[in-house]
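See structure below.
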Amino acid sequence: MKETNKLLLIDGNSVAFRAFFALHQSLERFINHDGLHTNAIYGFKKMLDNILATVQPTHVLVAFDAGKQTFRTEKFAAYKQGRAKTPSELSEQFPFLKKMLSAYGIISYELTNYEADDIIGTLAAQAELQDFQVTIVTGDRDLTQLATTKTTVAVNQKGVSEIEKYTPAHVQEKYGLAPAQIVDLKGLIGDNSDNYPGVTKIGEKTGLRLLHQFGSIEGIYQNLDQLKPSKMKENLINEESTAFLCKDLAQIRRDAPIEIKMDQLKWDGPDLKSLREFYLAMDFRSFLRQMAVDGQFQDQQVTADQEQVTYQVLEQTKLASLPVVPAQVTFYLEMSGENYHNAEFAGFAIKVDDKFYVTRQTELLKQAPLKNWLENQETSVNLFDAKRTIIGLRRLGIHLQRVAFDLLLVSYLLDTSDNSNDLGKLAQQHDYYLVASDEEVYGKGTKYAIPSKDSRLFEHLCHKVRAIAELQQPLLAKLEANQQLELYLKIERPLTFVLAEMEIAGIKVDPQKLKMISSKLIEQLSDLEKAIYNEAGEEFNINSPKQLGVILFEKLKLPVIKKTKTGYSTAVGVLEKLRGMAPIVDHILKYRQLAKLQSTYIDGLLKVISAKDQKIHTRYTQTLTATGRLSSVDPNLQNIPIRLAEGRQIRQAFVPSHAGWKIFSSDYSQIELRVLAHISHDQNMQAAFKAGADIHASTARQIFGLADDAKVTANLRRQAKAVNFGIVYGISDYGLSQNVGISRQQAKKFIERYFEVFPGVHQYMQEIVKKAHAQGYVETLFKRRRYLPEIKSKNYNLRSFAERTAMNTPIQGSAADIIKVAMIRMQQALQANHLQAKMLLQVHDELIFEAPADEIPRLEELVPGIMDSAVDLEVPLKVESAYGDTWFEAK
DNA sequence: TCCGTCACG
DNA sequence: ACGTACGTGACGGAC
């Protein structure tokens, strides 16, 4: 018996539109490495898989509209006029959509002068004659007119997955009409979105009533005498030609001059190789993973065997049979929770030679030969997240000395903007699919739990170890190809050890001091609260921007300066403009300032002082920022207040951990501007630094045209400083004007003048943007790389942002490189000089130590000496130091 | 979980 | 005509 042929016809434009708007809120998340939007392609692909699986067609075609001009516009010029232009973010996706269809082995078809509908109508008619079953997929209900016993019309609803199926019975049920009568209905009532009118005053209700009575438009006009005289009847008579024209426009053609034969639509499934290449080009990682898991890669065939990993559960009795000093091991230590300073151990897996060992008993690590593997100098250890592992092991009394390959760190260096802390997700980004993400295995949020079933945990840990081992060679090769091996080997990898020591050391914090500050704050806050309620005439939550907005702008009728997405803005900048209009404003500003201190810096810090040693152990994230800076979390010790006197007091609570010790601090002076002077080779700016001038005052003299020895007023210096900052950030006249409080015109003049005075800087800014465009990324002094795909975006905002980033990242990132080098050398110098001093904190351009009082004179020489010689620039680096009994006094 | 706000370089 | 300084993390409130 012959099997039934099944034809699937898809309205490409309509489905692409649906997919685009369904994923519109995620538009900016769907951008591939070339800056192409991919949301419609993604949605289309999901829908396509869905429909292919349910319909299981033997023949497939996707029809597209050929253009605006069609036979319908010839008959009626206004047809589909007044429609919003297709957004460029969507139209750019069509060529790639067609590429994907071709990889799927599916024909895309369009026909001059006809719409996709007509192609579908014609092919459906031909297929029915050949006894095919036909399924039509579209987002447009008009196609329901094509439903027959052999043809089903599937209309996708809002999303891409919800589909409503129309058979003749369904159309009958919904409208009380046969599918063929849909065109009569449209002829009477018209179509707003296609922009044709129908008969005046006839809507869906009247239209349906007439058709139920007379069957068709022809029927209505043959039986006009049966209608009672009415306005409607007059309209029908006056607009007879319109009614017939509109019916004709609605009528999908079933005889379009299509040259394609049914045989050509035969579908044999996708070409997996092309599909894989396409997904790679689109950055569709989840689909790639799906393909791998489904065993669809020819060169990376995943069989059930390969999914599995053979491992041995490690036990006390087995330790003796392990090798003594292997050349290489790959190791993963699992802890439950992010904070490795105190997270519970969950187990470990280790690969040696080709064998995998795994256990929950982390205590085994303390014994031979495992301890020796990790501590001896001859075995290289491959890891994921070395810092986490170093600190976890240290808690077990194990001193990890040498790391060869750190998957997390290397991956970050390869692409600083596309990083994840999850081994499974990260492996996927490198086209390795045989390890799940932690979220898949452990869950997230309140559901997070290490599996109690041994095999589940053990397999996952072994998969992780296998991924590290497998990715080692290819990723190191990529680093080398990018000329980034030195950055990894000389800077980032050694830095991991330095950071680990700083985190383990921690900084002592005096809770009594914080509580003293707190009691004063609470008193002041309570007074302010009373004053604010009094001025507002009611009590409300001052911390709620929403409630505060109502009080200020509705009840007190203060002028609205700025709005946010959700309501009135009450940010500092806004409140400062309202100052003097009502006393409540000053009180709110003060309240905000103090409430921040209390919640973030008093309560927040008290919560994280360790009961064991009265210290705070932050974690530095080495693999997060796009520029190469560190960040500090849990708590953030890089944003302890300093600018305002009230907040600065918090620093009095940061104290040395031993009696008779001091806090010592050194910071780079204007490191970013010095970096800029170096990379731009601007002679004028370099001269200022070489002369040891006050750079902001010198800038002021030059851009405001003062004499070389003229005194610079505080105000001019402040403005020049703002311009200098603006330059570093990738300046815009608007941004500068907002910051300095001058007109945009004035700001523009400042910038022009600046570029005249510092032509090297101007040239650098232009060239770095060009370079970013040409190569797709920018680099720092030590070849740290940041990709900027959006620099090619057609969206002005995205593109401008990428351009400013191109200007800023080499500056900010090179400064980060420099202090990292200094930190490594510093740690070595402390050891080499047998000093007790410890490096505790890094705050971007500043290093903070604690040391016995008698070491301070040595540090005053040593630390600045190392910091200012960390790199050799075309301008000198300047370092300033200070010390005292608390961090507050080390200023 | 997102948003607005604000602390730092 | 557009909306804008660069890089972070933590908090409270609202959904």
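Only this structure's heavy atoms are used, side chains among them; waters, hydrogens and symmetry mates stay out. Lettering of chains follows the sequences in order, A, B, ..., and the numbering in each one begins at 1.
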Exercise for the section: Convert the base pairs of DNA chain C into dot-bracket notation, remembering that pairs crossing earlier ones are written with [ ] and that bases paired across to another strand are shown as |; include only Watson-Crick or G-U pairs under 3.5 Å. Expected result: .....|||||||||.
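- Between chain A and DNA chain C, the heavy-atom contact criterion of under 4.0 Å yields a 5' to 3' nucleotide range of dC2(C) to dC15(C).
- Take Phe755(A) and apply the ring pair (Phe, Tyr, Trp, His ring centres under 6.0 Å) test, not counting sequence neighbours, and it matches His762(A).
- At a non-hydrogen distance threshold of 4.0 Å, nothing from residues 518-529 of chain A comes into contact with DNA chain B.
- With sequence neighbours excluded, no residue forms a ring pair (Phe, Tyr, Trp, His ring centres under 6.0 Å) with Tyr412(A).
- The side chain to side chain contact (heavy atoms under 4.5 Å, CB included) test applied to Ile504(A) returns Ile391(A), Arg394(A), not counting sequence neighbours.
- Think of the region where chain A sits on DNA chain B: with heavy atoms and a 4.0 Å cut, that region ends 5' and 3' at dT1(B) to dG9(B).
- DNA chain B lies under 4.0 Å from at least one heavy atom of each of the following residues of residues 627-640 of chain A: Arg629(A), Gln638(A), Asn639(A), Ile640(A).
- Legend: residues meeting side chain to side chain contact (heavy atoms under 4.5 Å, CB included) with Lys563(A), ordered by chain and number and at least two apart, are Val560(A), Tyr568(A).
- Take Thr564(A) and apply the side chain to side chain donor-acceptor pair (under 3.5 Å) test, not counting sequence neighbours, and it matches Thr566(A).
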Please report, to 0.1 Å, the donor-acceptor pairs under 3.5 Å made by any side chain of residues 515-528 of chain A, with sequence neighbours excluded.
{"residue": "Ser518(A)", "atom": "OG", "partner": "Gln598(A)", "partner atom": "OE1", "Å": "3.2"}
{"residue": "Ser518(A)", "atom": "OG", "partner": "Gln598(A)", "partner atom": "NE2", "Å": "3.2"}
{"residue": "Ser519(A)", "atom": "OG", "partner": "Met516(A)", "partner atom": "O", "Å": "3.0"}

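- By the 6.0 Å and 45° rule, Arg674(A) does not stack over the aromatic ring of Tyr668(A).
- By the ring pair (Phe, Tyr, Trp, His ring centres under 6.0 Å) test, Tyr601(A) pairs with no residue at all, sequence neighbours left out.
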